[in-house]
Amino acid sequence: MDGPSSAQLWSFSTITVTQPDTSSPAYELRLDRPAKSNALSVAFFSEFPRAMALLDALPSARAIVISAAGNHFCSGIDVSALASVVESESDDVAMRSESLRRKILALQDSISAIEKCRKPVIAAIQGACVGAGVDLITACDIRFCDQSAFFQVKEVDLGLAADLGTLQRLPHIVGFGNAMDLALTARKLSATEAKQMGLVSRVFPSLEDLQKGILQIAKELGEKSAIAVMGTKKVMLKSRDLKVPEGLEHVATWNSSMLMSGDLVEAVTAHFEKRKPVFSKL
């Protein structure tokens with residue numbers, strides 16, 4: 001999605017962070033190992049949460065697009081990363097199990113950095129989105145893809161249960177029955193069926209259309225009230241794990257303080273003055 005005004009931020013080995021258009025509040029975090037079909041390596045799991053934290057703290061970043069270089073979004077976890085997770089120097093079974101548990105929790109935290117980020121995070125998917133790639137996109141707030149995309153919860157074919165978030169997040173997105181189907185059969189899900197299930201919100205005809213469309217959507221998100229967008233994301237994620245009465249109580253408490261924002265006054269004033277509102281930054 002890089003353009004002539006694209007500016008690269010920071011330095012990572014597995015990802016690239018840019019501001020494709022310096023006049024837009026949308027930033028792009030790109031998986032950048034196309035030769036490996038963007039398989040997630042050991043380095044990725046330390047670099048990704050750092051990048052998300054930096055973008056979260058960056059006032060000019062109002063929306064984040066997660067994309068991928070090459071023909072495929074993500075082919076899953078790298079074999080080398082998987083090997084490093086299971087290896088242990090201890091001969092004690094309990095100690096090996098505890099070591100493995102802590103490593104899995106660390107990998108989970110890396111993916112969960114998406115939900116911890118206050119800014120809206122949009123996934124732009126082309127080609128294969130397999131295994132850990134599904135873990136990654138199900139943590140995103142919005143998902144778009146092109147016609148070449150396909151999705152596969154592959155872990156059961158590798159002799160394990162998916163453990164980085166798919167089994168917890170996917171049922172909330174596509175429904176319990178559909179999630180069970182995908183997780184147990186490991187079948188490929190086409191872009192068209194993914195749209196029908198609700199896994200993606202929109203399917204673009206081509207990668208070029210996806211890249212243009214998603215940056216425009218991210219730009220529009222970035223122009224909205226940061227406080228309102230942040231609050232909506234926070235409340236929706238919290239409500240996902242609560243019953244309706246508890247969720248209503250939570251949003252009442254949230255808005256009892258957030259409605260004091262100057263953005264509300266600005267939105268109302270701009271409406272009556274028939275102009276575009278100018279919202280404050282985070």
Side-chain angles (χ1 to χ4, degrees), residues 1-2 15-16 20 26 28-40 44 48 63-78 111 114-115 120-158 162 164-221 236 240:
M1 297 184 194
D2 291 350
I15 56 179
T16 303
E28 180 185 9
L29 189 160
R30 184 172 64 243
L31 310 185
D32 207 2
R33 298 180 72 216
K36 297 288 186 180
S37 297
N38 296 307
L40 306 185
F44 169 85
F48 182 74
I64 301 163
V65 174
I66 296 182
S67 65
N71 296 324
H72 299 289
F73 180 79
C74 178
S75 59
I77 193 167
D78 194 290
I111 300 295
I114 295 170
E115 291 185 342
V121 182
I122 310 170
I125 307 144
Q126 80 276 13
C129 180
V130 177
V134 180
D135 291 315
L136 192 65
I137 67 160
T138 52
C140 292
D141 304 309
I142 309 172
R143 291 159 293 279
F144 298 110
C145 71
D146 71 1
Q147 286 284 2
S148 74
F150 67 89
F151 307 83
Q152 192 171 17
V153 184
K154 185 72 173 173
E155 285 83 352
V156 72
D157 282 349
L158 302 177
L164 299 187
T166 290
L167 301 186
Q168 291 69 40
R169 295 183 175 106
L170 189 61
H172 291 283
I173 299 169
V174 303
F176 183 84
N178 286 328
M180 186 70 85
D181 168 21
L182 297 173
L184 291 179
T185 65
R187 69 181 179 87
K188 288 184 180 179
L189 186 73
S190 69
T192 300
E193 193 177 0
K195 172 65 171 65
Q196 292 170 346
M197 279 192 186
L199 179 57
V200 297
S201 299
R202 192 181 306 178
V203 179
F204 289 84
S206 67
L207 179 58
E208 182 181 1
D209 291 326
L210 171 65
Q211 291 172 337
K212 290 180 180 178
I214 205 165
L215 283 179
Q216 180 59 36
I217 292 166
K219 180 181 179 181
E220 291 170 1
L221 276 175
M236 288 199 71
R240 177 191 62 185

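- Under the rule for a ring-ring contact (aromatic ring centres under 6.0 Å, His included), F150 has no partner lying at least two apart in sequence or in another chain.
- With hydrogens and angles ignored, the 3.5 Å screen pairs a side-chain donor or acceptor of R33 with a backbone N or O of A39.
- When only modelled atom types and interatomic distance are considered, T166 and D135 share a side-chain donor-acceptor pair under 3.5 Å.
- Contact detail for I111 and R169: the closest heavy-atom pair is CG2-NH1, 4.1 Å.
- Within the 4.5 Å cutoff, no side-chain heavy atoms of I217 are placed close to those of I142.
- The OG atom of S190 sits 9.0 Å away from the CE atom of M197 when rounded to the nearest 0.5 Å.
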Apply the test side chain to side chain contact (heavy atoms under 4.5 Å, CB included) to residues S148 and L207: give CA-CA distance (whole Å), side-chain angles for both, the deciding distance (0.1 Å), then the verdict.
CA-CA 8 Å; S148 74; L207 179 58; over 6 Å; no
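- Taking a 6.0 Å sphere around CG of N71, one finds it holds 12 or fewer heavy atoms contributed by other residues, nucleotides or ligands.
- Summarising the geometry of A183 relative to V156, their closest heavy-atom pair is O-CG1, 3.5 Å, with the distance given to 0.1 Å.
- Atom CG of N178 sits about 12.0 Å away from atom CD1 of I173, to the nearest 0.5 Å.
- The structure places CD1 of I125 at 8.0 Å from CG of L210, a figure rounded to the nearest 0.5 Å.
- Although no hydrogens or angles enter the test, the distance criterion places no donor-acceptor pair under 3.5 Å between the side chain of Q147 and the main chain of P205.
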For side chain to side chain contact (heavy atoms under 4.5 Å, CB included), just list the numbers for L29 and F48, CA-CA rounded to whole Å, side-chain angles, deciding distance to a tenth of an Å, and then say yes or no.
CA-CA 9 Å; L29 189 160; F48 182 74; 3.9 Å; yes
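- Using a distance-only test at 3.5 Å, with no hydrogens or angles considered, no donor-acceptor pair links the side chain of D141 to the main chain of I122.
- The two residues G198 and V174 make their nearest non-hydrogen contact at C-CG1, 4.4 Å.
- In this structure, L164 CG and E155 CD are separated by 7.5 Å, a value rounded to the nearest 0.5 Å.
- At least one side-chain heavy atom of L31 sits less than 4.5 Å from a side-chain heavy atom of F73.
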Side chain to side chain contact (heavy atoms under 4.5 Å, CB included) between C74 and L136: does it pass, once the steps are laid out?
CA-CA 9 Å; C74 178; L136 192 65; 5.6 Å; no
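- Pairing each heavy atom of I214 with each of A123, the nearest pair is CD1-O, 3.6 Å.
- Taking each heavy atom of L221 and A63 in turn, the nearest pair found is CB-CB, 4.3 Å.
- When the shell of 6.0 Å around CD of Q216 is examined, it contains more than 12 heavy atoms from other residues, nucleotides or ligands.
- Distance check, rounded to the nearest 0.5 Å: NZ of K154 to NZ of K188 gives 7.5 Å.
- The CE atom of M180 lies 9.0 Å from the CG atom of L167; values are rounded to the nearest 0.5 Å.
- By the ring-ring contact (aromatic ring centres under 6.0 Å, His included) test, F151 pairs with no residue at all, sequence neighbours left out.
- No donor-acceptor pair under 3.5 Å is formed between the side chain of D32 and the backbone N or O of A69.
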I'd like to know whether E193 forms a side chain to side chain contact (heavy atoms under 4.5 Å, CB included) with L182, so could you lay out the CA-CA distance, the side-chain angles of the two residues, the decisive distance to 0.1 Å, and finally the verdict.
CA-CA 12 Å; E193 193 177 0; L182 297 173; 6.0 Å; no
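- Partner of S67 under the side-chain hydrogen bond (donor to acceptor under 3.5 Å, both in side chains) criterion, out of E28, Q126, Q211, R30: E28 alone.
- At least one donor-acceptor pair under 3.5 Å links the side chain of N38 to the backbone N or O of H72.
- In terms of heavy atoms, C145 sits closest to A191 at SG-CB, 3.8 Å.
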